[in-house]
Amino acid sequence: MLNFKNKTAIVTGGGQGIGKAIVQAFSHHEANVVIAEKDEEAGKEVIEWLVSKGGNREAFHFVPCDVAKEEDVRRLIDETVEKFKRIDFLVNNAGLSNFKPFLELSVEEWDLVLNTNLRGAFLCSKFAAPYLKQTHKGSIINIASTRAIMSEPDSEAYAASKGGLVALTHAMAISLGPDVRVNAISPGWIEVRDWKKSSQRQKVQHSERDNGQHPVGRVGEPEDIGRAVVFLCSGEAGFVTGQNIVIDGGMTKKMIYEE
Ligand SMILES: NC(=O)c1ccc[n+]([C@@H]2O[C@H](COP(=O)([O-])OP(=O)(O)OC[C@H]3O[C@@H](n4cnc5c(N)ncnc54)[C@H](O)[C@@H]3O)[C@@H](O)[C@H]2O)c1
């Protein structure tokens, strides 16, 4: 058990998917958790879910927030400090993708992906950093993607945003150290459909082919990422900063020759 009692974590996009599992992981280690979510239904639901599992309602706070908007992020930080008095951990998880042929991708569509995935992480980190520094053991985790380092066709905006996030990670690690460590996690294929808000949740069974193409023999789960986030935020990872940790069941290490 890690000791996060009286510590506060902000998780963006914490209402569904990987973010929800990250919120659960912090809660498991007794941290206070602020869920910064654009989807109000999802943000409120995740708190009820955690309370139904025995979580302390007072340890959670939902802030409706679009991470791409400076005024929303300023309010997120103000509300967090007002409620919990400190910020120890920030997880920049909110993200979206738009896989569309490159020649058809509009400037507005490019901007939406970049503004959510990259500008959002910049804004949250910038306004949280003074408080993270005060703790002298602050930690930022950026949720990037294996698509930062390899591609399928039609993924330019998403790949660029995640590549930017990996670069932002090592830049901030140098600027904010030694008080704040900054790391990225690059997930591979993580199945999130059964971690959506209840109105959109789906039970999913993966085929042998889906599972078998992963060297570990299965598709990833949001909890695989939640466990890594709390480890990287803990003192156990005190010598780790500026890194991009790939969690993909080994997929990016597999050499593929077409027959
Ligand atoms: N699922 C995967 O296989 C996978 C793989 C690699 C990386 N990722 C990354 O992990 C992160 C989480 O992905 P997921 O699969 O859980 O997605 P998801 O869509 O299930 O959840 C994302 C959450 O972020 C919220 N969100 C979106 N835009 C926001 C904004 N502007 N402000 C605040 N909240 C916002 C959404 O409402 C949603 O609840 C993303 O950054 C994604 O790029 C996911």
Side-chain angles (χ1 to χ4, degrees), residues 10-25 34-47 49 62-77 90-99 111-124 140-152 155 157-166 168-169 184-202 204 206 210 213-214 218-226 228-229 244-249 251-252:
I10 296 175
V11 182
T12 70
Q16 302 181 90
I18 292 172
K20 182 175 168 183
I22 295 170
V23 170
Q24 176 184 248
V34 174
I35 297 132
E37 239 312 330
K38 194 171 70 171
D39 184 324
E40 290 211 27
E41 187 187 346
K44 287 179 178 162
E45 206 181 78
V46 77
I47 294 182
W49 174 70
F62 163 60
V63 180
C65 172
D66 179 345
V67 293
K69 293 189 177 148
E70 181 178 344
E71 63 273 22
D72 281 22
V73 174
R74 283 183 183 273
R75 188 170 38 78
L76 164 67
I77 302 304
L90 166 68
V91 185
N92 291 310
N93 163 79
L96 48 81
S97 55
N98 185 351
F99 297 141
D111 283 348
L112 179 63
V113 175
L114 269 290
N115 286 347
T116 304
N117 298 5
L118 188 53
R119 181 192 219 242
F122 158 68
L123 288 173
C124 292
I140 297 175
I141 309 292
N142 295 321
I143 304 298
S145 168
T146 48
R147 290 174 189 271
I149 52 171
M150 63 195 306
S151 290
E152 290 180 304
S155 59
Y158 187 75
S161 72
K162 295 302 186 176
L165 209 43
V166 171
L168 178 66
T169 299
I185 291 176
S186 280
W189 177 358
I190 306 295
E191 180 54 69
V192 293
R193 282 172 287 179
D194 47 0
W195 284 75
K196 296 281 188 190
K197 61 183 178 181
S198 52
S199 59
Q200 289 179 4
R201 200 165 303 149
Q202 288 174 44
V204 183
H206 288 287
D210 289 344
Q213 65 184 296
H214 291 78
R218 67 169 174 87
V219 171
E221 296 162 2
E223 285 161 307
D224 291 319
I225 307 303
V229 167
N244 176 35
I245 313 293
V246 173
I247 301 181
D248 68 344
M251 283 280 274
T252 50

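When a ligand or atom number is given, it counts from 1 through the structure's own listing order. FYI, the numbering just counts along the sequence from 1.
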Step by step, work out the salt bridge (charged side-chain N to carboxylate O under 4.0 Å, His left out) result for Glu71 and Arg75.
CA-CA 6 Å; Glu71 63 273 22; Arg75 188 170 38 78; over 6 Å; no

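Side-chain atoms of Gln213 and Met251, non-hydrogen and from C-beta on, do get closer than 4.5 Å to each other. Side-chain contact between Val229 and Ile143: present, with at least one pair of heavy atoms (C-beta onward) separated by less than 4.5 Å. With contacts defined as side-chain heavy-atom distances shorter than 4.5 Å, the pair Ile149/Ser186 does not qualify.
Using a 4.0 Å heavy-atom criterion, the residues that approach ligand 1 are Gly13, Gln16, Gly17, Ile18, Glu37, Lys38, Asp39, Cys65, Asp66, Val67, Asn93, Ala94, Gly95, Thr116, Ile143, Ala144, Ser145, Tyr158, Lys162, Pro187, Gly188, Trp189, Ile190, Val192, Lys196.
Side chain to side chain, Gln16 and Glu37 fail the donor-acceptor criterion of an N or O pair below 3.5 Å.
The aromatic rings of Trp195 and Trp49 sit perpendicular to each other, their planes meeting at more than 60°, with 30° as the lower class boundary.
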